[in-house]
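In what follows, every heavy atom counts, from backbone to side chain, and hydrogens, waters and symmetry copies are set aside. Keep in mind that what you see is a predicted model, and the values were worked out from it rather than measured.
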Amino acid sequence: MTVDVEGYDATPAWAIAGEATQVIASDTGDVLLLVTPNDATVYYVETGDMRDRYAMSPGDTAQVAAVATSTGFVVKRHDTLSVWSDDIGWRHGDIDAKATLLSRGGIAVAVSPEKEYSLVKDDATLTSVTRPGNDATLITVTPTHVVWEEKRRVTVTARGDAAPGGRDVPLASDSDMKLDRVVGADEKHVYGLWRQGDTASLSSHDITTGDLVDSSPVTLGDDEHPFLSTHGETFHAYENVTIDALAGAITPVPNGQPMTIAAGEGFVTATETRATILHPKKQIVETITIPKGAAVTTISNRGLILNTPEGVIALTPTQKETKK
């Protein structure tokens with residue numbers, strides 16, 4: 001199998017034949033989860049060799065939801081919850097068939113139809129977290145805390161709190177703008193979207209004090225894009241800006257194009273045959289032509305992983321010849 005992607009070797013470093021409905025890289029970037037109509041299988045990213053397989057009974061893959069976590073992967077199929085971690089392998093448990101699955105801060109979160117939140121553990125059991133208010137929405141989970149928003153108010157609660165409550169974090173105003181909503185958070189910062197008329201700005205705020213750290217104008221289109229994060233939440237992206245999570249520094253995307261997909265160590269926005277890739281660490285944007293029906297699922301220092309109609313392939317950058 002060969003592919004024609006400018007800047008990458010035509011012969012893949014490895015290929016896994018067959019249709020995959022979902023392809024997700026782990027937060028560490030070392031392993032890859034492929035979901036097919038019959039199984040959920042973990043592969044090594046470096047070699048493409050199989051690590052662990054969970055055979056599922058044939059069925060409708062539209063019922064399957066999968067997310068990456070800081071320790072592995074979580075798969076929900078109807079009322080079965082399956083968790084893979086490097087230490088334990090696959091473990092299985094029960095979940096409400098109508099629950100949805102999210103990934104926040106490297107933690108899988110199950111949300112019931114009644115908007116009750118539970119954290120998914122490596123042994124495929126659930127630990128409920130209590131909302132600080134009836135209308136509170138979970139923004140993210142850190143190793144020690146849960147960050148919530150309710151009616152433009154940010155509240156931080158300790159993980160495992162048995163009673164409502166927590167610590168409010170008032171966000172310092174960004175000039176004369178009004179806080180529209182909180183779009184994301186991590187261990188160090190809360191990210192708020194501020195608006196005044198047609199003008200919008202994204203700001204980072206200290207998660208302890210709410211003080212303003214950085215701010216940048218953002219362009220909001222007709223369709224709002226999600227708040228995205230790279231492996232380990234080193235960088236975030238929202239609309240046409242990227243965020244250095246450690247410093248809270250906000251930088252416009254070099255070509256001004258909003259990113260729509262998080263893919264390993266970078267971000268992607270794509271059409272049917274073109275993909276624009278942002279490498280946030282170096283603030284480099286590249287646009288490539290991809291096979292029809294293919295999608296860039298993972299960006300790393302090794303290259304790209306594509307999910308194509310024929311299978312999943314790993315592409316390595318073409319080595320540039322040096323003049324002697």
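A heavy-atom distance below 4.5 Å is found between the side chains of Leu278 and Pro254. For the pair Val213 and His189, the minimum side-chain heavy-atom distance is below 4.5 Å. For the pair Val109/Leu119, a side-chain contact is recorded, criterion being any heavy-atom separation below 4.5 Å from C-beta on. Between Val31 and Asp52, the closest side-chain pair of non-hydrogen atoms is not below 4.5 Å. By the 4.5 Å heavy-atom criterion applied to side chains, Val182 and Leu171 are counted as neighbours. Here the side chains of Arg131 and Glu150 are not in contact, with every heavy-atom distance at 4.5 Å or above. In this structure, the side chains of Val75 and Leu33 come closer than 4.5 Å at one or more pairs of heavy atoms. Between Thr219 and Pro258, the closest side-chain pair of non-hydrogen atoms is not below 4.5 Å.
Applying the salt bridge (charged side-chain N to carboxylate O under 4.0 Å, His left out) test to pairs two or more places apart or on separate chains, those with a residue in residues 33-42 are Asp39-Arg53. Contacts classified as salt bridge (charged side-chain N to carboxylate O under 4.0 Å, His left out) and involving residues 185-195 (residues at least two apart or in different chains) are not found. For residues 100-146, the pairs satisfying ring pair (Phe, Tyr, Trp, His ring centres under 6.0 Å) are Tyr117-Trp148, with sequence neighbours left out. Among pairs with a residue in residues 256-303, none fulfils ring pair (Phe, Tyr, Trp, His ring centres under 6.0 Å), at least two apart in sequence or across chains.
The number of heavy-atom neighbours closer than 6.0 Å to CD of Glu46, taken from other residues, nucleotides and ligands shown, is 12 or below. Under a cut-off of 6.0 angstrom, the local environment of CG in Asn255 is crowded, with over 12 non-hydrogen atoms contributed by other residues, nucleotides or ligands.
To the nearest 0.5 Å, atoms CG (Asn240) and OG1 (Thr242) are separated by 10.0 Å. Taken to the nearest 0.5 Å, the CD atom of Glu265 stands 8.0 Å off from the NZ atom of Lys281. Taking OG1 from Thr199 and CG from Leu220, the interatomic distance works out to 10.0 Å, rounded to the nearest 0.5 Å. Between the CD1 atom in Ile277 and the CD atom in Glu286 there is a gap of 4.5 Å [rounded to 0.5 Å]. For the atom pair NZ (Lys178) and CG (Asp176), the distance works out to 9.0 Å, reported to the nearest 0.5 Å. The line from CG of Leu202 to CD1 of Ile250 is 4.5 Å long, rounded to the nearest 0.5 Å.
The backbone N or O of Tyr238 sits nowhere less than 3.5 Å from a side-chain atom of His225 that would complete a donor-acceptor pair. Under the 3.5 Å distance criterion, the side-chain polar atoms of Glu239 are left unmatched by any main-chain donor or acceptor of Val218. Checking side-chain atoms of Asp211 against main-chain N and O of Asp206 turns up no donor-acceptor pair under 3.5 Å. Side-chain atoms of Gln22 come within 3.5 Å of backbone N or O of Val64 as a donor-acceptor pair. Side chain of Arg159 to backbone of Thr142: a donor-acceptor contact under 3.5 angstrom is found.
Think of Leu246 as one node in a network of Ile, Leu, Val, Met, Phe, Trp and Tyr side chains linked at under 4.5 Å; it has no links at all. Apart from Trp14 itself, the hydrophobic cluster it occupies contains Ile16, Val23, Leu32, Leu34, Tyr43, Val45, Met50, Ile305, Val312, where clustering links Ile, Leu, Val, Met, Phe, Trp and Tyr at side-chain heavy-atom distances under 4.5 Å. Chaining together hydrophobic side chains whose heavy atoms lie under 4.5 Å apart leaves Ile88 on its own.
When the side chains of ILVMFWY residues are joined at heavy-atom separations under 4.5 Å, either directly or via intervening members, Leu228 and Val268 end up in two distinct hydrophobic clusters. Tracing side-chain contacts under 4.5 Å through hydrophobic residues (I, L, V, M, F, W, Y), one never reaches Val74 starting from Val42; they form parts of separate clusters. Linking Ile, Leu, Val, Met, Phe, Trp and Tyr residues whenever their side-chain heavy atoms come within less than 4.5 Å places Leu304 and Ile290 in a single cluster. Neither Val285 nor Ile288 shares a network with the other; the hydrophobic side chains, linked directly or stepwise wherever heavy atoms of I, L, V, M, F, W or Y lie under 4.5 Å apart, form separate groups for each. Linking ILVMFWY residues whenever their side-chain heavy atoms come closer than 4.5 Å, directly or via other members, places Val156 and Ile139 in the same cluster.
Between Ser204 and Gly248, the closest heavy-atom pair is OG-O, 2.6 Å. When all heavy atoms of Val253 and Val241 are compared, the closest pair comes out as CG2-N, 3.9 Å. Closest non-hydrogen pair, Pro291 versus Val5, comes out as CD-CG2, 4.3 Å. Considering all non-hydrogen atoms of both residues, Thr316 and Ala13 come closest at CG2-CB, 4.0 Å. Of all heavy-atom pairs between Met56 and Val35, the closest is CE-CG1, 4.2 Å. Of all the heavy atoms in Trp194 and Leu179, the pair that sits closest is CE3-N, 3.2 Å.
Listed by chain and residue number, Thr276 satisfy the side chain to side chain donor-acceptor pair (under 3.5 Å) test with Thr287 (two or more places apart in sequence, or in another chain). Checked against side chain to side chain donor-acceptor pair (under 3.5 Å), Thr298 has no partners two or more places apart in sequence or in another chain. For Asp49, the side chain to side chain donor-acceptor pair (under 3.5 Å) partners are Thr47, not counting sequence neighbours. Take Asp86 and apply the side chain to side chain donor-acceptor pair (under 3.5 Å) test, not counting sequence neighbours, and it matches Arg51.
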Please report, to 0.1 Å, the donor-acceptor pairs under 3.5 Å made by any side chain of residues 92-108, with sequence neighbours excluded.
unit_1, atom_1, unit_2, atom_2, d
His92, ND1, Ser82, OG, 2.8
Asp96, OD1, Lys98, N, 2.8
Ser103, OG, Ala68, O, 2.9

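Ring centroid separation for the pair Tyr191 and Phe227 comes in under the 6.0 Å cut-off.
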Verdict with reasoning, Thr125 to Asp123, per side chain to side chain donor-acceptor pair (under 3.5 Å): CA-CA 6 Å; Thr125 60; Asp123 61 359; 2.6 Å; yes
